[in-house]
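The next block holds one structure in the form of structure tokens; read it before the comments.
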Amino acid sequence: MTSFAEKVYKAVLTIPLGEVRSYKWVAQRAGVGRAYQAVGQVLKRNPYPLIIPCHRVIKNNNKIGGYVFGVKQKKLLLELESKLARCLTG
DNA sequence: CAAACTATTCAGC
DNA sequence: GCTGAATAGTTTG
């Protein structure tokens with residue numbers, strides 16, 4: 001875990017349930033704002049893809065970019081969390 | 001054409 | 001192998 005990754009992870013972990021953000025968003029929260037490319041890299045190379053909600057990080061057009069386990073899993077997770085959020089909030 | 005965004009690709013330690 | 005930056009391609013104005 002490095003200074004950069006730590007910021008990125010914390011920023012990603014702040015993403016609420018059933019919601020998604022973009023690389024630039026995370027990069028800004030991380031304080032880098034200009035390393036959005038590295039954000040994607042850190043996400044796909046993250047040491048713990050299970051504790052890091054990398055599935056909540058997608059492209060700007062709400063489109064799936066990629067996923068460590070597969071884009072299909074990512075889509076499923078997003079739908080699942082969407083329902084879960086409604087269950088918890090509603 | 002110009003600007004913005006990107007889960008790719010290259011370089012340094 | 002991980003981190004950080006640069007490149008090339010697609011989409012929007």
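All values below come from the heavy atoms of this structure, side chains included, with hydrogens, waters and symmetry mates left out. Given the structure is predicted, the values throughout are model-derived calculations rather than measurements. Every chain is numbered from 1 and lettered A, B, ... according to where its sequence line falls, protein lines coming before strand lines.
Grouped with A:Leu88 in one hydrophobic cluster are A:Leu17, A:Leu84, the linkage being side-chain heavy-atom contacts under 4.5 Å among Ile, Leu, Val, Met, Phe, Trp and Tyr residues.
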Worksheet item: Could you go step by step and tell me if A:Lys75 and A:Ile64 meet the side-chain contact (heavy atoms from CB on, under 4.5 Å) rule?
Response: CA-CA 8 Å; A:Lys75 284 167 44 170; A:Ile64 308 290; 3.7 Å; yes
Worksheet item: For A:Val42 and A:Tyr9, what are the C-alpha separation, side-chain angles and deciding distance, and is it a side-chain contact (heavy atoms from CB on, under 4.5 Å)?
Response: CA-CA 9 Å; A:Val42 170; A:Tyr9 298 149; 3.3 Å; yes
Discussion item. For a side-chain contact (heavy atoms from CB on, under 4.5 Å) check, start with the C-alpha distance between A:Tyr67 and A:His55, then their side-chain angles and the critical distance, and finish with the verdict.
Written reply: CA-CA 7 Å; A:Tyr67 194 41; A:His55 56 268; 3.8 Å; yes
Worksheet item: What do the steps show when you test A:Tyr23 against A:Leu43 for side-chain contact (heavy atoms from CB on, under 4.5 Å), and what is the final call?
Response: CA-CA 10 Å; A:Tyr23 299 93; A:Leu43 284 172; 4.2 Å; yes
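Nucleotides of DNA chain C with any atom under 4.0 Å from a heavy atom of chain A span, from 5' to 3', C:dC2 to C:dT7.
A:Arg29 meets the salt bridge (charged side-chain N to carboxylate O under 4.0 Å, His left out) test with no other residue; sequence neighbours excluded. Take A:Glu19 and apply the salt bridge (charged side-chain N to carboxylate O under 4.0 Å, His left out) test, not counting sequence neighbours, and it matches A:Arg21.
Transitive grouping of hydrophobic side chains (ILVMFWY, heavy atoms separated by less than 4.5 Å) brings A:Tyr48 and A:Ile15 into a common cluster.
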Provide a list of protein-nucleic acid N or O atom pairs under 3.5 angstrom, restricted to nucleotides 6-11 of chain B.
from	atom 1	to	atom 2	distance (Å)
B:dT6	OP1	A:Asn60	N	3.0
B:dA7	OP2	A:Tyr23	OH	3.2
B:dA7	O5'	A:Tyr23	OH	3.3
B:dA7	N9	A:Tyr23	OH	3.2
B:dA7	N7	A:Tyr23	OH	2.1
B:dA7	N7	A:Gly66	O	3.4
B:dA7	N6	A:Cys54	O	2.6
B:dA7	N6	A:Val57	O	3.2
B:dA7	N6	A:Lys74	NZ	2.9
B:dT8	OP2	A:Lys44	NZ	2.8
B:dT9	O4	A:Gln41	NE2	2.6

Worksheet item: Taking only Watson-Crick and G-U wobble pairs with both distances under 3.5 Å, what dot-bracket line describes DNA chain B, where [ ] shows pairs that cross earlier ones and | shows pairs with another strand?
Response: ||||||.||||||
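Contact check for A:Tyr36 versus A:Val26: no side-chain heavy atoms found under the 4.5 Å cut-off. Proximity of A:Leu80 to A:Leu76: side-chain heavy atoms (C-beta onward) are nowhere separated by under 4.5 Å.
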